Student: 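Just dropping this structure here.
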Number of protein chains: 2
Amino acid sequence: MQQLNRQELRQKLVSCSLKATHQRIVVYEALLGLHGHHPAAEEVYRLLKPANPSISLGTVYKILDVFAENGLVRRVFSEQGCKRYDANTMAHSHIYCSNTREIIDFEDPELEELLQGFFQRRNMQNFEMHSFAIQLTGNKKEPDQQVSITKL
Amino acid sequence: MQQLNRQELRQKLVSCSLKATHQRIVVYEALLGLHGHHPAAEEVYRLLKPANPSISLGTVYKILDVFAENGLVRRVFSEQGCKRYDANTMAHSHIYCSNTREIIDFEDPELEELLQGFFQRRNMQNFEMHSFAIQLTGNKKEPDQQVSITKL
DNA sequence: TTCCAGATAAGAATTTTTCTTATGTAAGAA
DNA sequence: TTCTTACATAAGAAAAATTCTTATCTGGAA
């Protein structure tokens with residue numbers, strides 16, 4: 001995950017015409033630090049509270065929402081009852097493990113390319129597509145081990 | 001959408017080793033009737049309450065959960081905060097329209113086939129895939145009109 | 001610096017979901 | 001058919017997740 005310093009984070013916010021407040025910076029920093037973890041607002045709040053005692057949960061909700069609207073983070077589709085966020089806005093899919101309840105990042109350039117190509121050719125009437133996302137649902141055979149792919 | 005009578009619904013439940021209670025039958029019936037609508041528990045409840053005054057919201061939640069566990073309905077991944085359900089368990093994708101906030105069923109056999117083939121060939125280590133799902137996010141150009149595809 | 005549109009804190013309020021417990025009922029057994 | 005019991009439901013409390021309200025504060029433009 002890209003390791004940005006505060007000044008760079010500040011830049012990133014400003015480039016989205018967002019005020020670079022301290023709260024927004026630490027929330028963004030936390031999300032980047034939690035690469036692959038897809039936290040809910042509550043988790044981000046719990047993480048930040050010790051070092052930022054004045055931060056409020058409502059603010060974290062608002063900030064995540066604003067970030068999502070501005071494309072700084074992705075909302076992760078979730079079968080669970082709560083919203084999750086992902087600072088990785090690159091094209092990637094998610095794996096839902098029924099065993100461990102994890103949401104796992106799954107980067108498969110071939111898959112992305114395949115779909116990219118498909119949708120470029122596919123003629124959709126009355127629809128302007130912004131993005132697509134795939135989820136795989138299943139089980140990790142070894143819960144402790146990672147999921148990986150071998151080339152075709 | 002398949003138009004099943006009560007007796008057939010009863011059969012369907014029993015075939016999943018679920019007791020065919022009146023509540024389950026009307027919930028299932030409602031879901032089938034709302035083809036393409038992807039309701040949340042609350043919506044199903046509101047719909048059923050007039051004709052079934054004794055039904056309880058908690059029961060609807062439980063029933064939808066049981067149905068999902070038994071493959072009678074699909075949980076629809078949603079960016080929104082609440083769980084949605086879909087009685088159409090055939091392979092299909094969902095389109096999220098940012099304008100209208102709709103979730104639209106999108107059947108594209110070629111796409112399903114393409115992915116089916118891809119995942120059959122793709123070797124995934126330590127993962128047993130049960131299903132995959134795609135969402136397209138974007139905007140309907142004409143909010144009132146339908147989205148459709150033209151063959152390649 | 002000053003100023004102010006927009007951001008935050010705090011906590012109330014609302015919405016969504018789960019849980020608990022007493023009661024009810026479907027469906028198999030007698 | 002009636003009995004039995006394991007499972008399902010109703011009701012509402014409780015918990016969890018999210019939004020809203022309002023007073024206060026602050027980043028950054030002028």
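Here the structure is a predicted model, which means the values were calculated and not measured. Below, read A as the first sequence line, B as the second, and so on, with proteins coming before strands; counting in each chain starts at 1.
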Student: Using the rule that two of Ile, Leu, Val, Met, Phe, Trp, Tyr join whenever any of their side-chain heavy atoms come within less than 4.5 Å, decide whether I25(B) and L34(B) are in one cluster.
Tutor: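 Not linked; separate clusters.
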Student: Take the C1' atoms of the five end pairs on each side of the helix from dT1(C)-dA30(D) to dA30(C)-dT1(D), get both axes, and report the angle to 10 degrees.
Tutor: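 Comparing the first five pairs with the last five, the axes sit 30° apart.
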Student: Under a 4.0 Å threshold between the charged nitrogen and the carboxylate oxygen, would R6(A) count as salt-bridged to E29(A)?
Tutor: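 A salt bridge links E29(A) with R6(A).
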Student: When all nucleic acid strands are considered with a 4.0 Å heavy-atom cut-off, which category describes I63(A): base, sugar-phosphate, or nothing?
Tutor: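 Here I63(A) touches the backbone only, sparing every base.
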Student: Within this structure, what is the OH-to-P distance between Y61(B) and dT18(C), rounded to whole angstrom?
Tutor: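 About 7 Å, once rounded to whole Å.
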Student: When we call it a touch if two heavy atoms are under 4.0 Å apart, what does S54(A) touch: a base, just sugar-phosphate, or nothing?
Tutor: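 Sugar-phosphate: the residue S54(A), judged by heavy atoms under 4.0 Å, touches backbone atoms but no base.
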Student: Are more than 12 heavy atoms, taken from residues, nucleotides or ligands other than E113(A), located less than 6.0 Å from that residue's CD atom?
Tutor: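 It does not: E113(A) CD has 12 such atoms or fewer within range.
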Student: Using a 4.0 Å heavy-atom cut-off, does K62(A) contact any base of the nucleic acid, only the sugar-phosphate backbone, or nothing at all?
Tutor: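 It contacts base atoms.
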Student: Check the distance between dT15(C)'s P and K83(A)'s NZ and give it to me in whole angstrom.
Tutor: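 Going from K83(A) (NZ) to dT15(C) (P), I get 14 Å.
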Student: Students should find this one: the first and last nucleotides of DNA chain D, 5' to 3', lying under 4.0 Å from a heavy atom of chain B. What are they?
Tutor: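 Span of nucleotides near chain B: dA6(D) to dA11(D).
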Student: Before we go on, tell me: are the rings of F132(A) and F119(A) under 6.0 Å apart, centre to centre?
Tutor: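 Yes, they do, as the ring centres are separated by less than 6.0 Å.
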Student: Mind calculating the distance between CG (L57(B)) and P (dC19(C)) to the nearest angstrom?
Tutor: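 Distance check: L57(B) CG to dC19(C) P gives 14 Å.
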Student: Mind checking I55(B) for me? I need base, sugar-phosphate or nothing, with any heavy atom below 4.0 Å counting as a touch.
Tutor: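 The residue I55(B) makes sugar-phosphate contact but no base contact.
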Student: Charged N to carboxylate O below 4.0 Å: is that the case for K83(A) and E42(A)?
Tutor: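 Here K83(A) does not pair with E42(A) in a salt bridge, since their nearest N and O are not under 4.0 Å apart.
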Student: Expressed as a whole number of angstroms, how long is the span from K49(A):NZ to dT8(C):P?
Tutor: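 Checked: the NZ to P distance equals 14 Å.
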Student: Could you write out each protein N or O paired with an N or O of nucleotides 21-27 of chain C at a distance under 3.5 Å?
Tutor:
| from | atom 1 | to | atom 2 | distance (Å) |
| --- | --- | --- | --- | --- |
| dA27(C) | OP1 | A20(B) | N | 3.2 |

